[in-house]
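Contents: one structure, followed by commentary.
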Amino acid sequence: MAEEKAKSIDSASLKMIDKAAADGANTAFDRAETMKPCPIGMVGSCCKNCSMGPCRVPLPKGKEETPEEAKKRRGVCGATAETIAARNFIRMVAGGAAAHSDHGRGVAELFLAVARGEAPGYEVRDEQKLLQVALDWGVEIGDRSNQEIATEIGEIALKEFGKQEGEVLFLKRAPLKRQELWRKQGVAPRGIDREIVEIMHRTHMGVDQDYKNLLKQGVRASIADGWGGSMIATELQDILFGTPAPVLGQVNLGVLKKDEVNIIIHGHEPLLSEMIVAVAQEPDMIKLAKSKGANGINLAGICCTANEILMRHGVPLAGNMLQQELALVTGAVDAMVVDVQCIMQSLPDIAQCYHTKIITTSPKAKIPGAVHIEFDEHNAVESARAVVKAAIENFPKRGSNIDIPEERTDLVAGFSHETINYLLGGLFRASYRPLNDNIINGRIRGVAGVVGCNNPRVTHDAVHVAMIKELIKNDVLVVQTGCSAMAAAKAGLLTPEAARYAGEGLASVCEAVGIPPVLHVGSCVDNSRILMAVTAMVKDGGLGDDISDLPVAGAAPEWMSEKAISIGQYFVASGVFTVFGVNWPTLGSKEVTDYLFKDMEDIYGGMWAFEPDPSKAAQLLIAHSDTKRQALGIDKARERVLYDMEMRRELDAV
Ligand code: SF4
Ligand code: MSK
């Protein structure tokens, strides 16, 4: 019998998985065992885009097929396996780009309401960034008030979504060479919604049947996400809530408190959670909590909302995506407040085994069995108070079946692109130049963005942590977002002390600057911060004139969501080599897969790869960095550093 794979490397999660089994609570870990993935759908060989199907066009078993044989695998309408795989793939891009961008739209709507004075409780917190975006978008500053400038920015931001012509405005932030390449290839997005809608049109039965042309539209929509919807979300959130700066925090289920009202905020948009953070500190709320027998109110986060409020307020992280159910299993969560994305429908069922109130807040995301308290941004403080009160009222209903794991780990988060700039170059000469210099002199071998979700098809957190450790050991600086950052945090990698896991070169830089070897840069939409960081590296010079020249790579080792595919695609389109784990959704077509894994490099200077083994995947990223170093003529410096290390080791051994 095959050895059973471990469910998690996190001891707190393992304890709660066992407790869930004892309590009769069914979790994603159980469902992943009983629900095996469909082998045809998994590789993109199933189409259900019309009612002549669904059509399955599986690969023949046990032998390589010739291109002629591949052409015979067709759906009822005649669509080939290539067309089907490409259509499925770019529909994932559309789903992901839509999720990020609709988040961005929500932020833009709130932003405009704040600028117009229609959203009491919110304000412009980062004036510098307001002015920066004004400059980027050609908004007159002069002697206009912040309110006037913000109103015009809000109006432009909203128009970015429905624009029919021209180009998404933030494209101009990219290196010039990259912009020219996108224009030449015809993938510069016009409006964000338009590119997503066009995917849905082209993948409808009987429209675009050329897989290369389909994938091209996927590229265009993904750029509209990374350099459009996601970047708008990040920038406007920073203006409203503050640009993150390094902050101490903690992660894991041990951040829950036995004697306080525990409220978990879960999802993605920080609009409501920002208010909950403020309201939970109000004396009246604390008094109410005490009147119910609690010692206070304890907030914690799950998924990307958690990253947002961690970075700006130091609110602890209860855990990443696969810990959302396990948090309820502690029996100590009085309310879990959710907005949109990555929220499991099983939460109300699990909550029934305990006392937790699941509170939905977005009209876009309701769950049967949950309480719905709709978030009204025009009356945000009252919405937040209603949520916090509901949690407090629920505290006395806690049962005796409570077990909060002790595990909690310290971390440092909040490395926005601007912060990295200041940390490296100083407040008055903010610059990426010191990073570039350390890459050129070989102390830092390269930079890897390791991002994305959890997936119960692999051991929870294991792939993230193994890959990141391998990278930093080899002097690759790691930047992180999303659930991956939380996995690293639990393993203690987000503290300056983690430099001990790093190679000698990277460790020396971390010690000199006082940063961890793994930098938490934010939530899923904050992958746009990584785009800005790599652009700044290009602009500060010495490492080529496009993102594709940099010794930089990306990875999503435990990805699961369509958003991850959109993120990966915009990294590739921006010139970044990007490796995914778990499984790969086009393996049902060799031609489509080859196009993504090889041909895209010729077109965009970046390409996809699939490697589920974390160590091998890390080696792919490292080899890619080395190739880029060689092309830049800086491989010699690196060799010298390695030689010195070797010599020192030999000396140590004597
Ligand atoms: Fe089958 Fe074509 Fe309809 Fe897809 S669009 S379900 S391949 S007939
Ligand atoms: S929350 S998209 S599971 S990273 Fe952004 Fe985590 Fe992936 Fe959701």
Side-chain angles (χ1 to χ4, degrees), residues 28 40-41 44-58 73-88 91-92 95-100 103 200 202-209 214 225 230 233-234 265-270 301-308 310-311 317-325 338-344 365 449-456 460-461 463-464 480-489 520-528 555-568 580-582 588-589:
I40 300 171
S45 294
C46 172
C47 178
K48 55 177 182 57
N49 293 7
C50 87
S51 76
M52 290 190 281
C55 299
R56 290 174 299 170
V57 290
R73 286 195 282 135
R74 288 175 188 263
V76 174
C77 67
T80 62
E82 279 78 58
T83 298
I84 291 172
R87 284 198 304 218
N88 287 336
R91 278 199 171 199
M92 293 181 88
H100 287 145
H103 169 168
M200 298 314 285
R202 288 211 212 172
T203 55
H204 184 276
M205 182 265 157
V207 186
D208 198 351
Q209 338 232 356
L214 284 160
D225 173 357
S230 285
T234 295
I265 310 172
H266 170 24
H268 276 76
E269 296 177 350
I302 297 258
C303 278
C304 279
T305 291
N307 284 320
E308 302 276 7
L310 163 73
M311 289 191 299
L317 306 166
N320 47 11
M321 202 277 291
L322 277 180
Q323 289 179 287
Q324 59 185 283
E325 296 172 310
V338 304
D339 51 32
V340 291
Q341 300 169 25
C342 305
I343 300 151
M344 292 190 186
V450 183
V451 308
C453 325
N454 293 138
N455 189 320
H460 171 227
D461 289 348
V463 198
H464 289 300
Q480 292 219 269
T481 61
C483 294
S484 184
M486 301 188 203
H520 179 297
V521 304
S523 65
C524 294
V525 291
D526 292 337
N527 284 304
S528 63
E558 298 181 23
W559 76 281
M560 64 86 197
S561 82
E562 291 169 324
K563 290 180 288 175
I565 291 289
S566 183
I567 293 166
F580 270 39
V582 189
S589 164

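Start at 1 and go down the list; that is how both ligands and their atoms are numbered. Treat the numbers as computed from the prediction; the structure is a model and nothing was measured. All heavy atoms count here, side chains included; hydrogens, waters and symmetry mates do not. For this chain, numbers begin at 1 and follow the sequence in order.
C50 SG, 2.3 Å is the protein heavy atom nearest to atom 3 (Fe) of ligand 1. For atom 6 (S) of ligand 1, the closest non-hydrogen atom of the protein is C47 O, 3.4 Å.
One side chain, H268 or K563, offers a donor N or O that lies under 3.5 Å from an acceptor on the other. Residues D526 and T481 bring no donor and acceptor atom of their side chains to less than 3.5 Å of each other.
The contact set between ligand 1 and G53, taken as ligand atoms under 4.0 Å from a residue heavy atom, comprises 6 (S). Set against the non-hydrogen atoms of M205, the atoms of ligand 1 under 4.0 Å away are 5 (S). Short contacts between ligand 2 and H268, defined as distances under 4.0 Å to a heavy atom of the residue, involve ligand atoms 1 (S), 5 (Fe), 8 (Fe). Applying the 4.0 Å criterion to heavy atoms of K563 picks out, from ligand 2, the atoms 2 (S), 8 (Fe). Near C77, meaning under 4.0 Å from one of its heavy atoms, ligand 1 places the atoms 2 (Fe), 5 (S), 7 (S), 8 (S). Counting atoms of ligand 2 from 1 in the listed order, those under 4.0 Å from a heavy atom of M560 are 3 (S). Heavy-atom proximity to G75, at under 4.0 Å, picks out these atoms of ligand 1: 7 (S).
At least one donor-acceptor pair closer than 3.5 Å links the side chain of Q480 to the backbone N or O of V450. Side-chain N or O atoms of E325 include one that pairs as donor or acceptor with a backbone N or O of A28 at under 3.5 Å. For the pair N88 (side chain) and G44 (backbone), a donor-acceptor distance under 3.5 Å is present. Looking only at distances, no side-chain donor or acceptor of D225 sits under 3.5 Å from a matching main-chain atom of S566.
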| Stepwise, does the side chain to side chain contact (heavy atoms under 4.5 Å, CB included) test hold for M52 with M205? | CA-CA 10 Å; M52 290 190 281; M205 182 265 157; 3.9 Å; yes

| field | Worked verdict on N49 versus R91 for side chain to side chain contact (heavy atoms under 4.5 Å, CB included) | value | CA-CA 11 Å; N49 293 7; R91 278 199 171 199; 3.7 Å; yes

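The side-chain heavy atoms of R87 and R202, taken from C-beta on, include no pair separated by under 4.5 Å.
None of the N, O or S atoms belonging to C55 lies under 2.8 Å away from atom 2 (Fe) of ligand 1.
Proximity of R87 to ligand 1, defined as any heavy-atom pair under 4.0 Å, is confined to the side chain (atoms from C-beta onward).
Shortest non-hydrogen contact noted between Q209 and T83 is O-OG1, 3.4 Å. In terms of heavy atoms, R73 sits closest to G588 at NH2-O, 2.9 Å.
The number of protein N/O/S atoms found under 2.8 Å from atom 6 (Fe) of ligand 2 is 1.
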